[in-house]
Structure formats: C-alpha cells, structure tokens
Amino acid sequence: MSTIIQDVTARIAAQPTLARRAKAFEVSPWAEAWDLVSRHPDPIYFGNGAPAHEAQPLDRLREAGARAWTEADGVLDYGEVEGYRPLRELIAARMAIRGMPIDPDEVMITNGSQQGIDLVARLMLDPGDRIVVEGPVYIGAMQTFDAYEASYLVVPVDDEGLDVAALERLLETTGARPKLIYTVPTFQNPTGITMTGARREALLALARERAILVLEDDPYGELYYGSAPEAPLRALDPAVVHLGTFSKTIAPGIRVGWTVAPRRLMDLLLMAKEGSDIHTDRIITRTVYHTADGFLDTHIAALRELYRRRRDTLLAGLRRHLPSDVTWSCPGGGFFVWVRLPGEADADALLPLAAAEGVAFLPGSWFYPAGQKEHTGFRLSFSSLPIDRIEEGTRRLGAAIEMFLMTT
Ligand SMILES: Cc1ncc(COP(=O)(O)O)c(C=O)c1O
C-alpha cells in the first residue's frame, strides 16, 4: 500500500474530526432484528414497514418512465427546485379532495417525506432546541432530529392518539418552550393509532397559543380499510406543515414525496432544498406524474383491499394465538399493529426467543429517544407479508410469548 493511502486509511480509522451529531449515525436500528431472525431457515419478519412488492404498479411505472424519457429533451438540465408543476398540481388537487384546498405553489416535491422532515428540522432546530414527539415515535424522524441535536419532549400516545392533556402538563411542569411538534396523527407509525377529532382540535389550539410549529407527517392517510379517517391537521389549520409521499401508494424506491407549507416558510424550505440536493430527479417526478394521473385512485382502492385482508388476518391471528393478557391496537389503516406485553414484560428480551422460533418484530425501545425506553410494546407490520405467512407468524409469535411469559 502506498504511504498516501496508508495515511488516509489511518486518519479515517481514527475519525479525529467527527461532529457531535455523528453519534446519531452509529447504529442502524433496522439491521438488528433482521439479522437475528435471518439466522432461522424459514424466517417471518414483521419488521418491514414497506409496501408489498405485488402492490407496486411496475407495468404502469415502466410505461410512464418511457413517456418521461421521450419528454427528456431539455429536462436533463438543472431545473425547478420546487419540482414538476403538473405533479404539484396533481398533489394539490388530491389534497383538496381531502379537505385541504391549497395552491400548487405551496407544494414542494422532495426525495420522500423523509427529506421533508430533514428540511423542516434544518430550518427550525438549533442544537438543544426542544421538540415534541409521540412516544413511541417513527424511528426515521428521530434519526433526523438526532442529527440536529434536538432535545425531546416525549408525549404518550393512547387509544385517541397523542395525549394533548399530558403535553400541556409537561409544558407547564417543565416550562419548556418547544419549537416543533412532530406527529403522525393518522395510522401512526409505529402504533397504527389515529388521533381523534377532539384531540386534533386541542393540539392545534395548544400549538397556536404557544406559537409552536406543527409538522404533520401523513404517509398512510389514504390507506384506510373501513371509513375514511379524520381530516388531516392541515385541513384544520393552514399554519401546519404537512408531509406526504408516494412511497406507500406507488413505491418507496422512487423517493418522491412532498411538503406543503405556508408561503413564507416555503420560500426558506426551497432554499434549504436547493442547498441540500438542488432538486428532485426531473425524470422520476415526470414518471410519477404519468403513473399517478388517471390511475392512482383505482390503484389505491386495490391497495385498500389487499392491506385490509392482511390487517384482518393479523388481528385474527393475534386473537387466536396470543395469551389473553397481551393487548394490541386495531388500526383502521396504515401498516402497523402495536402489541403490548402484560406487566413489566420486556419486548427486547422477547425478541431473541421469538427469532429462534422464526419470527421477528421491532421492539418498542427502538421507538423512543435514548434513555426514555418503554419496554412492553413492539411493532408488527403486516404490509409486506402474504396471508399464509401472517397466519404462521402469529402462531410462532404466540408460542414464543407463552414460553417467554412462563419463564419470566
Ligand atoms: C411516519 C413516516 N414518515 C416518513 C417515512 C419515510 O417515507 P418516505 O419513503 O416518503 O421518505 C415513513 C416510512 O416508513 C414513515 O413511516
């Protein structure tokens, strides 16, 4: 090895100049459960929060992609930071149907909603700033907020969603002045719970009174399996910043989502986006437009059927196989069910036992900021598993939990 390469290798190994925030990137929470269960010859993994492969409209995407490439002349230059206008118009029209009449200029296309979380955090958070999150909270959002060295106020989620009275008490007792409330009010990741209308009103009133920005993350709102859920927070208050995505209704690999924000904030978010990646891929945004236009409603109707059957199978399997003192959420949509073990039973300790039975989940402790663990819950995702695997998975899970509760 040349001395230059040796020198560079040594310097990288020593990592002398990492920022404080680099700690946020030390572990991948996703890898661990899969690693455990993949040692089993026939693993069933309830950890994957992605859509089903068979739900991805591949033929439609191919055709739309071919069309996008035929229009590519001039499109391969740098372009509009805010994204392809027809796609923003399509999003605005879809949002109007859900009670959010917005101007396409209030929509910015992003690389998934994950980038929306990042850009809002970038704009709002100085190191040490307080932010309110749900307990449990979407892991990916925490990864982003950690990178901005946010300090968390964790508010419990009960059957009616984020407990606004508990948040109010927390603010009173701590005197904290958070800048941001991050919430997934509809079919929450990881609990599947939906915030009631009364809670939505109360949360927005509190946010207005204390001048806190509400960041609503809404990847699952269109994936409901009975009646439509409560209107999004953005429908009740135009000051809310709203995030949407095509990851769950088309495919996550295309990385196309959107952020809706009031104009003043939008101007800053656009500059933050420009500084981050200039704009989202101009071919893929056209591909998504041609895919969605005249097709997405029919496609989503089929997805609702597919996922409703999977959810029902999971809930029936849990009823059949889990001990009677274990409880779980019954989501009206989305991808997740949250299971709670009785007493002080620890889902982290259950995981290796379940993995040995060939079934894995994401334990609740991963959905809390460091040092604020909750041990009894865990997340099951039903979106990507076929019916027979869900049935067999709940049988294995029941056996593992019974064994676990007998021995602890
Ligand atoms: C609540 C929540 N927000 C954001 C994301 C990221 O979505 P995207 O693929 O649009 O970045 C996910 C994905 O699982 C999610 O569950």
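Both ligands and their constituent atoms are indexed starting at 1 by order of listing.
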Nearest to [atom], what protein heavy atom do you find, and at what distance?
atom: atom 14 (O) of ligand 1; answer: Lys248 NZ, 2.7 Å
atom: atom 7 (O) of ligand 1; answer: Ser113 OG, 3.2 Å
atom: atom 1 (C) of ligand 1; answer: Asp217 OD2, 3.3 Å
atom: atom 6 (C) of ligand 1; answer: Tyr138 OH, 3.4 Å

Quick check: are there more than 12 heavy atoms from other residues, nucleotides or ligands sitting under 6.0 Å from CG of Asp42?
-> yes
Using modelled atom types only, decide if a donor and an acceptor are shared between the side chain of His321 and the backbone of Thr394 within a distance under 3.5 Å.
-> no
Check for a donor-acceptor pair, side chain of Ser381 on one end and backbone N or O of Asn48 on the other, with a separation under 3.5 Å.
-> yes
For [X], atoms of ligand 1 separated by under 4.0 Å from a heavy atom:
X: Gly112; value: 8 (P), 10 (O), 11 (O)
X: Thr245; value: 8 (P), 10 (O)
X: Val184; value: 1 (C)
X: Ser247; value: 8 (P), 9 (O), 10 (O)
X: Pro219; value: 1 (C), 2 (C), 3 (N), 15 (C)

Check whether any heavy atom of Gly257 sits under 4.0 Å from an atom of ligand 1.
-> no
Is there a heavy atom of Tyr220 sitting under 4.0 angstrom from any atom of ligand 1?
->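 Tyr220 counts as a contact of ligand 1 under the 4.0 Å cut-off.
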Can you label the angle between the Trp258 ring and the Phe246 ring as parallel, tilted or perpendicular, going by 30° and 60°?
->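 Rings of Trp258 and Phe246: tilted, as their planes differ by 30° to 60°.
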Less than 4.5 Å apart, side chain to side chain, heavy atoms only: is that true for [X] and [Y]?
X: Met108; Y: Met266; answer: yes
X: Thr186; Y: Arg200; answer: yes
X: Tyr45; Y: Arg389; answer: no

Nearest non-hydrogen atom to atom 11 (O) of ligand 1 belongs to which of Gln188, Arg255, Gln115?
-> Arg255
Would you kindly say whether Thr194 and Glu230 are connected by a side-chain donor-acceptor distance under 3.5 Å?
-> no
